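Input: a single structure, listed below in structure tokens.
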Amino acid sequence: MIRGLVFDHAGVLTDVGAERLVRAALTARETGLRTALLSNASGGPEARRALGWLDVVVFSGEVGLAKPDPEVYRLTAARLGVGTAECVFVDDAPRNVAGAVAVGMVGVRHVSVENTIAELAALIPGLESATA
């Protein structure tokens, strides 16, 4: 059962049309899923304010761990309050998706908003109508 949805920032939430991914995350939250950002960026208060619609924000520069280190995925899941096997992780870098899968997460490689939405809708009931 999926209980957590984790996004990378650059290359995913910065993609053209990413507002559809934000709508998907908000819909997921309404159904009880927890949402997070896991980014290898340094972070900072400005970034946190812009990402206030997420339950958890993990920046590598703040936690001293970077993708694809297995511990950063475990840390993110723990902060969400779910197990790694209960999370879907979305990233555009194959190496980072493989790292998430190695700790038990469901990995979705982002190549386009359209494809990512389709994959998420197949994994999380109710998302297809929220992202049209």
Side-chain angles (χ1 to χ4, degrees):
M1 174 185 198
I2 302 299
R3 295 181 51 217
L5 179 55
V6 182
F7 292 99
D8 173 46
H9 187 256
V12 177
L13 295 180
T14 59
D15 201 353
V16 174
E19 64 277 356
R20 291 181 64 207
L21 295 173
V22 173
R23 281 198 309 271
L26 292 171
T27 298
R29 286 181 77 195
E30 289 172 7
T31 66
L33 267 71
R34 305 267 298 146
T35 57
L37 176 94
L38 172 54
S39 174
N40 278 351
S42 58
E46 301 81 24
R48 287 190 181 285
R49 279 192 295 277
L51 299 166
W53 52 272
L54 294 157
D55 295 307
V56 171
V57 177
V58 176
F59 288 109
S60 294
E62 295 176 353
V63 299
L65 299 164
K67 298 175 287 183
D69 183 326
E71 291 309 311
V72 78
Y73 303 103
R74 291 184 183 111
L75 173 71
T76 303
R79 287 187 177 181
L80 282 173
V82 302
T84 55
E86 299 172 300
C87 292
V88 175
F89 175 74
V90 180
D91 199 304
D92 61 317
R95 171 178 188 224
N96 294 339
V97 174
V101 170
V103 299
M105 291 183 172
V106 175
V108 172
R109 179 164 179 250
H110 177 81
V111 263
S112 72
V113 170
E114 194 67 37
N115 288 349
T116 298
I117 292 293
E119 288 194 50
L120 292 176
L123 293 165
I124 303 167
L127 287 190
E128 59 283 334
S129 61
T131 58

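What you are looking at is a predicted structure, and each value in this text was computed from that prediction instead of being measured.
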(message) Using every non-hydrogen atom in the two residues, find where Val72 and Val58 come nearest and quote the distance to one decimal.
(response) CG2-CG1, 4.3 Å

(request) For Arg79 and Val63, run side chain to side chain contact (heavy atoms under 4.5 Å, CB included): C-alpha distance rounded to whole Å, both residues' side-chain angles, the deciding distance at 0.1 Å, then the answer. (result) CA-CA 12 Å; Arg79 287 187 177 181; Val63 299; 3.8 Å; yes

(message) Starting from Ile2, can I reach Tyr73 by hopping between I/L/V/M/F/W/Y residues whose side chains sit under 4.5 Å apart?
(response) no

(message) Between Leu37 and Phe59, is the side chain to side chain contact (heavy atoms under 4.5 Å, CB included) condition met? List the steps.
(response) CA-CA 8 Å; Leu37 176 94; Phe59 288 109; 3.8 Å; yes

(message) Quick test of your reading: applying salt bridge (charged side-chain N to carboxylate O under 4.0 Å, His left out), list the pairs with at least one residue in residues 83-108, sequence neighbours left out, ordered by first then second residue.
(response) Arg3-Glu86, Lys67-Asp91

(request) Please name the pair of heavy atoms, one in Asn96 and one in Pro68, separated by the smallest distance, quoted to 0.1 Å. (result) OD1-N, 3.8 Å

(request) Say whether, by atom type as modelled, one donor and one acceptor occur between the side chain of Ser39 and the main chain of Asp8 under 3.5 angstrom. (result) no

(message) If you compare all heavy atoms of Ser60 against all heavy atoms of Ala66, which two are closest, and at what distance to 0.1 Å?
(response) OG-CA, 3.3 Å

(message) Closer than 3.5 angstrom, by distance alone: can the side chain of Arg34 be matched with the main-chain N or O of Leu80 as a donor-acceptor pair?
(response) yes

(request) Sort and list the pairs that fulfil salt bridge (charged side-chain N to carboxylate O under 4.0 Å, His left out) and have at least one residue in residues 102-122, not counting sequence neighbours. (result) Arg20-Glu114

(request) Provide the closest heavy-atom pair for Ala25 versus Phe7 in the form atom of the first, atom of the second, distance. (result) CB-CE1, 3.7 Å

(message) I need the minimum non-hydrogen distance between Pro70 and Val103, along with the two atoms involved.
(response) CB-CG1, 3.5 Å

(request) For Arg29 and Thr35, work out which heavy atoms get closest and say how close. (result) CD-OG1, 3.2 Å

(message) According to a hydrophobic-cluster definition based on side-chain heavy atoms being under 4.5 Å apart (Ile, Leu, Val, Met, Phe, Trp, Tyr only), do Leu5 and Val56 belong together?
(response) no

(message) Between Val16 and Val113, is the side chain to side chain contact (heavy atoms under 4.5 Å, CB included) condition met? List the steps.
(response) CA-CA 8 Å; Val16 174; Val113 170; over 6 Å; no

(request) Decide side chain to side chain contact (heavy atoms under 4.5 Å, CB included) for Thr116 and Val12; before the verdict, give the C-alpha distance in whole Å, the side-chain angles of both, and the deciding distance to 0.1 Å. (result) CA-CA 9 Å; Thr116 298; Val12 177; 5.6 Å; no

